[in-house]
Amino acid sequence: MLPSSLPAPRLIDPASVTPLRWGIIGPGGIAETFADSVHKHTTQRIVAVASQTPGKAEAFATPRGIPHALTSYDALVNHPEVDVVYVATTHQFHKAHALLAIAAGKHVLVEKPLATNPTDAQEIVDAAKAAGVLAMEAMWTRYIPQSEVMRQIFADGILGDISFVFSDFGQDLRHVPRLMDPAAGGGLLDLGIYNFAFSSFVLGNATSINTVGSLTSTGVDETTTSVLSYDSGAQAVATVTMAAFTPTAASVSGSAGRLNIHEPFFTPSGLTLFASEFNPTPVATWRDESGVPAHEGLSYQATALSSFLDQGLTDSPLRPLAEAVSDNALIYQARHQIGAVLTGE
Ligand SMILES: NC(=O)C1=CN([C@@H]2O[C@H](COP(=O)(O)OP(=O)(O)OC[C@H]3O[C@@H](n4cnc5c(N)ncnc54)[C@H](OP(=O)(O)O)[C@@H]3O)[C@@H](O)[C@H]2O)C=CC1
Ligand SMILES: O=C1CO[C@H](CO)[C@@H](O)[C@@H]1O
């Protein structure tokens, strides 16, 4: 019997965790959204920002009242007022900048993907472990309310035996230089990481992957369809493109019911439960009415990180590093299956 309502998310009160002092490396597009949403929705505070581009740190810090605008990443990671570093540079620099923060003894939140390949991602994990600091991939979707609702739905077995997961992420991003760049570009590392993280959220680690796809004029992956297989017999299909705007939908199907994650599935949205037999009438719907819309949801991961440190943890229980590495390895395989080989690989 399916429930007629979905559980309410159990959220952390932002005021209940230690207000950490954050430093940002690489104040570009996502750093702006992160800083503004963190200041709006949490008790965490950005106290320093460092940019290698002249004038950029100052321009970022001044309107936000951030006290320290620095011109060197070294100075930021070694700044005595910084507790945790947010690495917001483009993918190919994540490893070097995460290691810099870890070597300075700082906790680190690394933008997704953790690195451009699983070997580099594992190096970050090993360094953080050796230094006894927390490292966390900024897979922010894991920390938004609907993911908390989903965790309860899965724990209660509401969907029965889950056999199929579908996720789709597509936007025309071919005008964005970093995504066309053979050093770190492509749809899979930038967008597909959300699909792969969604599949592992539901089904765990895939045992095999088969990908078909096409490349951009610069040789990075443009459009891909991946089929992931699991020991249980379940499958996940991930469609990813940086050439067109697609539904950006996701669903989880089991023997007892199907859960649709409202579009776009990777931001705060909503959930609808259907019966397992064909019937378009929803059984139950939950909508995110928390007042933290779209990318403002980046703020949840900052509160979560602080709560993990308060609990003495050095790995996110909601997006463990081992999972970030195994998803990275699947993306590596997917890319190489279609010949999307980055510079130096
Ligand atoms: N969670 C989300 O929804 C999103 C996440 N992201 C992630 O955030 C990361 C950054 O993306 P985004 O903010 O769009 O990136 P930007 O293009 O805005 O660049 C961010 C920073 O990276 C450094 N940088 C960029 N290009 C170069 C280069 N060629 N050489 C040296 N340094 C460079 C710069 O640092 P400096 O200022 O020091 O020069 C820049 O300020 C990506 O890894 C991406 O996956 C991006 C968008 C959304
Ligand atoms: O994480 C992300 C979410 O969506 C963006 C586009 O809107 C991506 O480019 C980005 O890296």
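Whatever order the structure lists them in is the order used to number ligands and atoms, beginning at 1.
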Seminar exercise, completed: re atom 41 (O) of ligand 1, the protein heavy-atom contact at minimum distance is Lys56 NZ, 2.7 Å

Exercise. Atom 11 (O) of ligand 1: which protein heavy atom is closest, and how many Å away?
Worked result: Arg178 NE, 3.5 Å

Exercise. Out of curiosity, is His91 lining ligand 2, as in a heavy atom under 4.0 Å away?
Worked result: no

Problem set entry | Enclosure of Arg64 CZ (heavy-atom neighbours >12, cutoff 6.0 Å) | yes

Problem set entry | Top protein contact for atom 45 (O) of ligand 1, by heavy-atom distance | Lys112 O, 2.7 Å

For this session: Answer yes or no for Tyr194: is there a heavy-atom contact with ligand 1 below 4.0 Å?
Result: yes

For this session: Give the single entry among Phe60, Phe93, Tyr86, Trp140 that approaches atom 27 (C) of ligand 1 most closely by any heavy atom.
Result: Phe93

Exercise. Parallel, tilted or perpendicular for His295 and Trp140, by the 30°/60° rule?
Worked result: tilted

Problem set entry | atom 24 (N) of ligand 1: nearest protein contact (heavy atom, Å) | Thr90 OG1, 4.0 Å

For this session: For atom 39 (O) of ligand 1, grab the closest protein heavy atom and report residue, atom and distance to one decimal in Å.
Result: Thr53 OG1, 2.6 Å

Problem set entry | atom 18 (O) of ligand 1: the protein heavy-atom neighbour that sits closest, reported with distance to 0.1 Å | Gly29 N, 2.9 Å

Seminar exercise, completed: The protein heavy atom nearest to atom 13 (O) of ligand 1 is Ile30 N, 2.9 Å

Exercise. Does some non-hydrogen atom of Tyr73 fall short of 4.0 Å from ligand 1?
Worked result: yes

Exercise. Would Phe201 and Phe154 count as a close aromatic pair, with their ring centres under 6.0 Å?
Worked result: yes

Problem set entry | Protein heavy atom at shortest distance from atom 37 (O) of ligand 1 | Ser51 OG, 2.6 Å

Seminar exercise, completed: Numbered in order shown, the ligand 2 atoms found under 4.0 Å of a heavy atom of Lys112 are 1 (O), 2 (C), 10 (C), 11 (O)

Exercise. Out of curiosity, is Glu32 lining ligand 1, as in a heavy atom under 4.0 Å away?
Worked result: no

Problem set entry | Leu298, portion touching ligand 1 at heavy-atom distance under 4.0 Å | side chain

For this session: Indicate if Phe266 and Val149 have the same hydrophobic cluster label, given that clusters are the connected sets of ILVMFWY residues with side-chain heavy-atom separations under 4.5 angstrom.
Result: yes

